[in-house]
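First the proteins, then the strands, lettered A, B, ... as listed; each starts at 1. All figures in this text were calculated on a predicted structure; none of them were measured in a lab. Quick note: numbers below take in every heavy atom, side chains included, and nothing from hydrogens, waters or symmetry partners.
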Amino acid sequence: MCSLYRENLMHQLGDLERTCYCGEIAEDLIGQTVTVMGWVDRVRDLGNLVFFDLRDRSGIIQVVTDNSEMARLELAKTVRSEYVVAVVGQLLKRDEETINPELATGTVEVHVEELRILNTSLTPPFPINEDVSASEETRLRYRYLDLRRRPLQRNMLLRHNVALETRNHLSEHGFYEIETPFLTKSTPEGARDYLVPSRLHRGSFYALPQSPQLFKQLLMVSGFDRYFQIVRCFRDEDLRADRQPEFTQVDIEMSYPREETVFALIESLLKRLFALIDVEVETPFMRLPYDESMARYGTDRPDTRFGLELVDVSEAFSETPFEVFRKILAEGGCIKGIPAPVGQKYSRKDLDVLADFIRQYGAPALSWVRREEGELRSSMPKMVPAAEIERVAELAGLGEVQSFLMVAGTPKTVHDSLAALRLHLGQKHGLIDQTKHNFLWVHAFPLLEWDEDEERFTAIHHPFTSPRDADLELLDSDPGAVKAKAYDVVLNGLEIGGGSIRIHQQEIQKKVFNALRIDPEEAQQRFGFLLEALCYGAPPHGGIALGLDRIVMLLAKESSIREVIAFPKTARAVDLMCAAPSPVDDRQLRELHVQLRGL
RNA sequence: GGGGUCGUAGUUCAGUUUGGUUAGAACGCCGGCCUGUCACGCCGGAGGUCGCGAGUUCGAGUCUCGUCGGCCCCGCCA
């Protein structure tokens, strides 16, 4: 506990009532007595004249005390940064030459009549009033102080406004906000759950929701027709700059929607949210089928603010003598590349660095073809015929002084590595227009994806996603070819939301489970309640969930969602401020029937 | 689980490449002077487990190994 030195100088709030916020004081109050309260921002003690800036969430006002009353001056001399004070005094216009044009309230100042020190403060570990950087570790340990600073004050206000606009918009469109349980049942097929042991049911556990997926579908069965919730979700997976163990979704579900119904709703909502930062969003968003997105960008969440699209040059090597490529193609692989910006030269070392870069995405090597001074050069072995290299250059549309950077391998490796390389080059060469807001819908995702390890299909979105009507028959014959009524909304290469039209008929749900090799008994045990609900007149329904943290992050122009979450966790899921997680009493464990295994 | 990077005063950093006297700077903090400052100014002062632990060495902030922590990425995650 901090020692409250100088406590003999501390006062009580008493009957004082604040009359205005510091930053909102304007010239119309000149001549009036105002009462302001807040933190001492910076003291300028000139001896017989003391100035300090008083700060609250709205801004700053200058306060001044002279030596017309010595006790008051002496008291003013004792205040320090971050003391909490109340000031009663007359608001006066400053002399012309003492106006501070940097300050919104710079033409006026409060002349102290009464000063009350409501609390003292230790010297903060980092300055509250400056933008100087403190390490993130220190900022997180003293989060309540970091939150007092301007940037986070601004971000939390923005977040409030985003939530408010979202509620208003959805309410205006007929959506009800309905809460769903946090203590619930493990969701199938998704991320690792956070578990909560049950005291009353020895050996049983609740799971915190990864999303309210099943509940929102049940609410459609219940006839609410349109539901939304700004809701916390929990996933026990490793963290990233845009991933926290608990995060907030704008969860939406509606009855009788076409995909376009959902798209239009979300477009109007995002338009409204981006208006908060004076960005005019053009609607409708571009629609990009999944297959096309993968072919052109190698990812299902492309950043379309710049080019560098992938080019498939597999055909150039259809009869190549180069064994490595031949083998890759024979095994269903492909050879693709990115035409680098014209005029961009890559040294031997540059290429080594790029090869290292793509290696972390599983690509074993980076090949290249370069046209320079009319001649084609390439990193490929001599046995590769000139005609094949010629063909690559032709397919890539290679101009003078231009390189084509290629990866050969399985489609997954090629796409993963080239998508990363494309982003890397886009950033490195400054091709990304930071003022652009390129929204798009990626749709027509495959329903299923083959899992090599488990040797079965798994759901790409989740097991309740509806196949496209036209693809229903393929479910048995060619499950991998079935497309889903699933969609993601992407902004500048970041996935900010995703959803689907759900299965509302039990027969189809059974067929999908069958394709997923979830046997009926298992299905019954894990989410029998949903299957049962589908038997009681479930209407066609579907929806989406938006990542609120990511959207606010983008609106705030931050690069980590920690900057828009009041109390975030570190990359190892620790709360540095309150030191969670932490061991608990043996007594608590016993009540929960939990025994720790050897640590 | 793996890779990268960082860790030195309250804070932000320099010093580490090439081991060598008492580990520096700025801001902040404390004291003094100062009636128009607003990044106030001037004078003086205090403040260090160089993340932690081993090792190499006559000698380690600096080299080696291990470990802990922050951040970024892969795997994981919609």
Here the distance between atom C1' of G2(B) and atom CZ of R572(A), to the nearest Å, is 14 Å
Closest non-hydrogen contact found for A419(A) with G298(A) is CB-O, 3.6 Å
What about E109(A), does its side chain sit under 3.5 Å from the base of G36(B) through a donor-acceptor pair? yes
Under the 3.5 Å rule, do the base of U37(B) and the side chain of R94(A) count as making a donor-acceptor pair? yes
Would you please confirm or rule out a distance under 4.0 Å between OP1 or OP2 of U37(B) and any side-chain N or O of R44(A)? no
Do Y290(A) and D488(A) meet the criterion of a side-chain donor-acceptor pair at a distance under 3.5 Å? no
U35(B) phosphate, OP1 or OP2: any side-chain N/O from N48(A) under 4.0 angstrom? yes
Whole angstrom is fine here: how far is it from CG in L73(A) over to C1' in G36(B)? 14 Å
So, does the side chain of R243(A) form a donor-acceptor pair with the base of C76(B) at under 3.5 Å? yes
Rounding to the closest angstrom, what is the interatomic distance between C73(B) and G10(B) at atom C1'? 33 Å
Distance only, no hydrogens: is a donor on one side chain within 3.5 Å (strictly under) of an acceptor on the other, for H443(A) and E259(A)? no
For U16(B), the nucleotide meeting Watson-Crick or G-U wobble distances (both under 3.5 Å) is none
Spacing between R359(A) atom CZ and C73(B) atom P, to the nearest angstrom: 21 Å
If pairing requires Watson-Crick or G-U wobble contacts with both distances under 3.5 Å, which nucleotide is the partner of U62(B)? none
If you compare every side-chain N and O of S81(A) against the phosphate oxygens of G28(B) (OP1, OP2), does one of them come in below 4.0 Å? no
Is there a donor N/O on one and an acceptor N/O on the other, under 3.5 Å, for the side chain of R235(A) and the base of C77(B)? no
Between G28(B) and C40(B), how far is it from one C1' atom to the other, in whole Å? 16 Å
In terms of heavy-atom contacts, L54(A) and V36(A) come closest through CD2-CG2, 3.5 Å
For G70(B), take OP1 and OP2 only and decide whether either is under 4.0 Å from a side-chain N or O of R141(A). no
How would you label the contact of Q244(A) with the nucleic acid (heavy atoms, under 4.0 Å): base, sugar-phosphate, or nothing? nothing
Does D488(A) reach a base, just sugar-phosphate, or nothing at all? Heavy atoms under 4.0 Å. nothing
Residue whose nearest RNA chain B nucleotide is more 5′ - D238(A) or R42(A): R42(A)
Answer yes or no: side-chain N or O of N67(A) and base N or O of U35(B) forming a donor-acceptor pair under 3.5 Å. yes
Rounding to a whole Å, what distance do you find between E82(A):CD and C29(B):C1'? 14 Å
Between U37(B) (P) and K77(A) (NZ): distance, integer Å: 16 Å
Quote, to the nearest angstrom, the C1' distance that separates C63(B) from U17(B). 12 Å
Proximal nucleotide (of U11(B), G36(B), C34(B)) relative to the T138(A) side chain: U11(B)
Sidechain N-carboxylate O distance under 4.0 Å for R55(A), E82(A): yes
Looking at T123(A), I'd like to know whether one of its side-chain N or O atoms comes within less than 4.0 Å of OP1 or OP2 on G28(B). no
Could you tell me whether S135(A) contacts a base, only the sugar-phosphate backbone, or nothing, with contacts defined as non-hydrogen atoms closer than 4.0 Å? sugar-phosphate
Considering heavy-atom distances to RNA chain B, does R192(A) or Q360(A) have its closest nucleotide positioned more toward the 5' end? Q360(A)
So which heavy atom on R141(A) is nearest to which on Y144(A), and how close? O-CE2, 4.4 Å
Quick one: is C72(B) close enough that its OP1 or OP2 comes under 4.0 Å of any side-chain N or O from R562(A)? yes
Verify the contact: side-chain N or O of R139(A) to OP1 or OP2 of G70(B), cut-off strictly under 4.0 Å; return yes or no. no
Using only heavy-atom distances, determine whether the side chains of Q244(A) and D549(A) contain a donor-acceptor pair under 3.5 Å. no
Using a strict cut-off of less than 4.0 Å between a Lys/Arg side-chain nitrogen and an Asp/Glu carboxylate oxygen, indicate whether E495(A) and R301(A) qualify as a salt bridge. no
Using a heavy-atom cut-off of 4.0 Å across all strands, would you classify D236(A) as base, sugar-phosphate, or nothing? nothing
Would you mind reading off the distance between L140(A) atom CG and C6(B) atom P, rounded to a whole angstrom? 20 Å
What distance, rounded to whole Å, do you find between the two C1' atoms, one in C43(B) and one in G48(B)? 25 Å
Quick one about S500(A) and R502(A) (side-chain donor to acceptor, distance below 3.5 Å, no hydrogens or angles considered), yes or no? yes
With a 4.0 Å cut-off on heavy atoms, is F52(A) in touch with a base, just the backbone sugar-phosphate, or nothing at all? nothing
Using the C1' atom as the reference point in each nucleotide, state the distance between U56(B) and A14(B) in Å, no decimals. 27 Å
With sugar-phosphate meaning primed atoms plus P, OP1 and OP2, does D41(A) contact a base, only sugar-phosphate, or nothing at under 4.0 Å between heavy atoms? nothing
Take atom CG of L576(A) and atom C1' of G51(B), then tell me their distance rounded to the nearest Å. 14 Å
Is any NZ, NE, NH1 or NH2 atom of the basic residue among R143(A) and D575(A) found under 4.0 Å from an Asp or Glu carboxylate oxygen of the other? no
By nearest atom, which of the nucleotides U11(B), C71(B), C73(B) is closest to the A134(A) side chain? U11(B)
In this structure, how many angstroms lie between the P atom of A78(B) and the CD1 atom of I496(A), rounded? 18 Å
Pairing partner of C50(B), by Watson-Crick or G-U wobble and under 3.5 Å for both distances, is none
C65(B) versus U21(B) - spacing of their C1' atoms, nearest Å: 30 Å
Is F126(A) stacked on the base of U11(B), meaning ring centres closer than 5.5 Å and planes within 30 degrees of each other? no
In whole Å, what separates the C1' atom of C74(B) from that of G15(B)? 34 Å
Across all strands shown, which nucleotide pairs with C71(B) by Watson-Crick or G-U wobble geometry, both distances under 3.5 Å? G4(B)
Determine the contact category for I460(A): base if any of its heavy atoms lies under 4.0 Å from a base atom, sugar-phosphate if only primed atoms, P, OP1 or OP2 are that close, otherwise nothing. base
How far does the C1' atom of G47(B) sit from the matching atom of A26(B), given to the nearest Å? 15 Å
Given G36(B), G31(B), A78(B), identify the nucleotide with an atom nearest to the side chain of E495(A). A78(B)
With respect to the side chain of E137(A), which nucleotide from G70(B), A78(B), C34(B) is positioned closest? G70(B)
Partner of U35(B) by Watson-Crick or G-U wobble geometry, both contacts under 3.5 Å, or none? none
Per atom distances to the D300(A) side chain, the nearest of G10(B), C38(B), A78(B) is A78(B)
